[in-house]
Trainee: 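Quick one: this structure, given as structure tokens, is what I'll be asking you about.
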Amino acid sequence: MARLLKAKPLADEAGERIKSAVNRWKKAGIAPAVAVLLAEGDPASAAYAAAKGRLAAKLGIGYELITFASDVTKNRLLKEIRRLNEDNGVHGILLELPLPAGLDSSRLAAALDPLKDIDGITPASKLACMMNETGLRPATPQSCIQLIKSAGVTLKGSHIVVVGRGETVGRPLMQMLLHENATVTVCHSHTKDLARMIQGADVLVTAAGKVNLIMPEMVHPGLVLIDAGINMLGDESGITGDAAPQTADYVDAMSPVPGGVGTLTTALLFENALHALTLQQAAGRLQV
Ligand code: NAP
């Protein structure tokens with residue numbers, strides 16, 4: 001049985017770091033606060049937004065959930081984003097994705113102030129990620145990297161196979177791993193022989209959103225497997241990852257779903273909010 005890479009201890013450590021930083025900001029007269037924009041219609045997004053609100057309360061961070069009907073227009077959302085960009089009492093803005101069909105998430109993301117962009121979705125944040133420059137990085141790839149490190153893996157020189165080249169996880173993760181001097185192979189739906197790719201890997205991160213994409217016969221005993229996939233099981237029985245659960249018997253270490261990447265991601269979003277405050281201070285926007 002593989003070592004189980006639970007995220008809770010890492011999320012708790014992040015929580016302690018965040019609480020200390022929040023106290024420092026509050027002593028300096030600034031109460032850290034984030035705003036989340038949620039368009040109704042996706043029950044999973046609503047549940048994630050509610051979970052973020054509970055965590056924000058524990059961490060002492062202000063949290064404003066702004067909910068819209070599922071037929072909200074692009075212009076209405078743009079107006080709200082612009083209002084939040086201008087609001088000095090809001091330090092981080094999160095657009096809960098996916099948006100209802102017909103709304104162009106890239107267009108809305110581009111309207112966010114890059115210094116408040118706590119999930120790294122603006123063009124400026126994406127460019128900074130690609131060029132390894134100062135900026136806010138998406139939380140999910142950060143979570144994957146922390147979990148890899150928690151397995152005792154040194155990123156430099158390791159061969160890491162990333163399954164998925166999506167904008168949220170695979171693509172930014174590939175860039176962040178390259179900046180850490182890992183050797184990265186990115187696979188996607190056109191990859192011919194996924195199992196053969198995985199045989200040469202030290203670490204596999206899967207972020208495809210496909211149930212049972214990774215099966216025991218595709219892995220090897222030395223592999224560290226990070227499962228970032230989230231797949232909704234029908235009949236409200238929860239979520240599962242991309243790797244079949246029995247894969248855990250055939251690898252060295254594996255992160256569970258639930259209780260893995262997603263658990264840490266939420267905490268790291270709030271750590272990003274504090275990083276956002278530091279960037280805003282450096283830009284001379286805060287009266288400390
Ligand atoms: P996405 O944009 O839909 O990308 C999915 C990627 O998987 C695509 O690159 C796709 O290939 C690839 N793929 C699909 N089927 C495949 C197959 N059979 N073999 C190999 N590759 C395949 O997804 P995303 O937004 O990046 O999210 C990826 C997963 O992470 C989802 O399950 C999502 O729910 C989850 N997620 C988790 C967290 C967390 O905190 N844990 C946060 C965000 C997202 P093509 O490019 O060729 O289409």
Side-chain angles (χ1 to χ4, degrees), residues 5-8 10-11 14 36 38 42-52 55 94-99 101 104-106 109 117-121 125-126 129 136-148 150 160-177 184-199 201 204-215 217-219 225-233 238-244 247 254-272:
L5 302 173
K6 287 195 179 165
K8 181 152 187 318
L10 298 174
V36 174
L38 171 74
D42 180 28
S45 295
Y48 294 146
K52 284 178 195 116
L55 184 58
L94 184 80
L95 191 56
E96 199 67 62
L97 300 174
L99 292 170
D104 179 354
S105 54
S106 338
D117 172 23
I118 58 172
D119 206 14
I121 63 171
S125 300
K126 286 183 180 181
C129 182
L136 294 162
R137 301 286 187 266
T140 310
Q142 289 187 57
S143 170
C144 294
I145 288 175
Q146 287 203 18
L147 280 160
I148 297 170
S150 78
I160 304 185
V161 168
V162 177
V163 182
R165 55 180 167 176
E167 294 289 331
T168 326
V169 194
R171 197 170 293 257
L173 177 63
M174 165 195 80
Q175 293 161 350
M176 289 159 74
L177 289 170
V184 186
T185 300
V186 181
C187 301
H188 45 74
S189 66
H190 300 273
T191 298
K192 277 188 181 148
D193 189 346
L194 189 54
R196 186 167 63 83
M197 299 295 170
I198 296 169
Q199 286 314 307
L204 168 66
V205 182
T206 178
K210 293 276 171 227
V211 178
N212 292 339
L213 178 64
I214 308 299
M215 298 296 287
E217 59 274 20
M218 300 167 75
V219 299
L225 200 172
I226 307 299
D227 193 344
I230 296 182
N231 303 293
M232 308 310 280
L233 295 167
I239 56 167
T240 188
D242 291 347
T247 311
M254 180 165 156
S255 68
V257 180
V261 175
T263 300
L264 182 55
T265 296
T266 314
L268 295 181
L269 272 172
F270 290 111
E271 196 150 48
N272 270 354

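Quantities reported herein were computed from a predicted structural model and do not represent experimental measurements. Order of appearance sets the numbers: ligands from 1, and atoms from 1 within every ligand.
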Trainee: One residue to check: Arg165. Relative to ligand 1, which of side chain, backbone, both or neither has a non-hydrogen atom less than 4.0 Å away?
Mentor: both
Trainee: Do any N or O atoms from the side chain of Asn272 and from the backbone of Arg137 form a donor-acceptor pair under 3.5 angstrom?
Mentor: yes
Trainee: I'd like to check whether Ala228 has a polar contact with ligand 1, where a contact means an N/O of the residue lying under 3.5 Å from an N/O of the ligand.
Mentor: yes
Trainee: Can you tell me if Arg171 uses its side chain to pair, donor with acceptor, with the backbone of Arg165 under 3.5 Å?
Mentor: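 Yes; judged by distance alone, with no hydrogens or angles, the pair exists.
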Trainee: Please write down residue, atom name and distance for the protein heavy atom closest to atom 47 (O) of ligand 1.
Mentor: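 Nearest neighbour among protein heavy atoms for atom 47 (O) of ligand 1, to 0.1 Å: Ser189 OG, 2.6 Å.
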Trainee: May I ask you to identify, for Asp242, whether its side chain, its backbone, both or neither come under 4.0 Å of ligand 1 on a heavy-atom basis?
Mentor: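 It is neither; nothing of Asp242 touches ligand 1.
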Trainee: Where do Ala139 and Asp119 come nearest, in terms of heavy atoms and distance?
Mentor: N-OD1, 2.8 Å
Trainee: Can you find a protein heavy atom under 4.0 Å from atom 23 (O) of ligand 1?
Mentor: no
Trainee: Any idea which protein heavy atom is nearest atom 13 (N) of ligand 1, and the distance to it?
Mentor: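 The protein heavy atom lying closest is Ala208 CB, 3.8 Å.
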Trainee: Within the 4.0 Å heavy-atom shell around Thr265, which atoms of ligand 1 are there?
Mentor: 40 (O)
Trainee: Does the protein put a heavy atom under 4.0 Å from atom 3 (O) of ligand 1?
Mentor: no
Trainee: In terms of residue, atom name and distance, what is the protein heavy atom nearest to atom 21 (N) of ligand 1?
Mentor: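 Closest protein heavy atom to atom 21 (N) of ligand 1: His188 C, 3.1 Å.
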Trainee: Between His190 and ligand 1, is there a nitrogen or oxygen pair with a distance under 3.5 Å?
Mentor: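 Such a contact does not occur with ligand 1.
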Trainee: Among Asp227, Thr140, Val169, Ile230, exactly one meets side chain to side chain contact (heavy atoms under 4.5 Å, CB included) together with Val261. Which residue is that?
Mentor: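 Only one of Asp227, Thr140, Val169, Ile230 forms a side chain to side chain contact (heavy atoms under 4.5 Å, CB included) with Val261, namely Thr140.
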Trainee: May I ask you to test the Lys126-Gln175 pair for a side-chain heavy-atom distance under 4.5 Å?
Mentor: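 A side-chain contact under 4.5 Å is absent here.
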Trainee: Is ligand 1 under 4.0 Å from a heavy atom in the side chain of Thr191, in the backbone, in both, or in neither?
Mentor: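 Contact part for Thr191 vs ligand 1: neither.
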Trainee: Tell me: protein heavy atom nearest atom 26 (O) of ligand 1, and distance?
Mentor: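 Nearest neighbour among protein heavy atoms for atom 26 (O) of ligand 1, to 0.1 Å: Gly166 CA, 3.4 Å.
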Trainee: Among all protein heavy atoms in this structure, tell me which lies nearest to atom 6 (C) of ligand 1, with the distance rounded to 0.1 Å.
Mentor: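 Among all protein heavy atoms, the one nearest atom 6 (C) of ligand 1 is Gly164 CA, 3.6 Å.
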Trainee: Looking only at protein heavy atoms, identify the closest one to atom 27 (O) of ligand 1 and say how far it is in Å.
Mentor: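 Answer, as residue, atom name and distance: Val169 CG2, 3.9 Å.
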Trainee: Could you see which bit of Thr140 sits under 4.0 Å from ligand 1, with heavy atoms only: side chain, backbone, both or neither?
Mentor: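 Under 4.0 Å from ligand 1, Thr140 contributes side-chain atoms alone.
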Trainee: Taking all non-hydrogen atoms of both residues, which atom of Val161 and which atom of Ala201 are closest, and how far apart?
Mentor: CG2-CB, 3.6 Å
Trainee: Which pair of heavy atoms, one from Pro98 and one from Ser45, lies closest together, and at what distance?
Mentor: CD-OG, 3.7 Å
Trainee: Testing the 3.5 Å rule here: is there a donor-acceptor pair between the side chains of Asp242 and Asn231?
Mentor: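 Short answer, yes.
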Trainee: Near Gly229, which atoms of ligand 1 are under 4.0 Å from a heavy atom of that residue?
Mentor: 32 (O)
Trainee: Would you say ligand 1 has an N or O under 3.5 Å from any N or O of Ile230?
Mentor: yes
Trainee: If you look at every heavy atom in Lys52 and Thr266, which pair is closest and at what distance?
Mentor: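 Where Lys52 meets Thr266 most closely, the heavy atoms are CG-CG2, 3.6 Å.
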Trainee: Does the side chain of Leu204 reach to within under 4.5 Å of the side chain of Met218, using non-hydrogen atoms?
Mentor: no
Trainee: May I ask you to list the atoms of ligand 1 that are less than 4.0 angstrom from any heavy atom of Thr168?
Mentor: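 Selected atoms, number and element: 24 (P), 25 (O), 26 (O), 43 (C).
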Trainee: List the closest protein heavy-atom neighbour of atom 17 (C) of ligand 1: residue, atom name, distance to the nearest 0.1 Å.
Mentor: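 Of the protein heavy atoms, Leu213 CD1, 3.7 Å lies nearest.
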Trainee: Answer whether the closest heavy-atom distance between the side chains of Ile214 and Leu194 falls below 4.5 Å.
Mentor: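 Contact flag for Ile214/Leu194 side chains = yes.
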Trainee: Taking a cutoff of less than 4.0 Å between a non-hydrogen atom of the residue and any ligand atom, is Ala207 in contact with ligand 1?
Mentor: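 Yes, Ala207 has a heavy atom closer than 4.0 Å to ligand 1.
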Trainee: Would you say ligand 1 has an N or O under 3.5 Å from any N or O of Lys210?
Mentor: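 Lys210 vs ligand 1: no N/O contact under 3.5 Å.
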Trainee: Check Met197 against Thr191 and note the closest heavy-atom contact, atom names and distance.
Mentor: CG-CG2, 4.1 Å
Trainee: At a 4.0 Å threshold, what atoms of ligand 1 neighbour a non-hydrogen atom of Val163?
Mentor: 20 (C), 21 (N)
Trainee: Got Gln142 and Met176 here, is their nearest side-chain heavy-atom distance under 4.5 Å?
Mentor: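 Yes. Closest side-chain heavy atoms under 4.5 Å.
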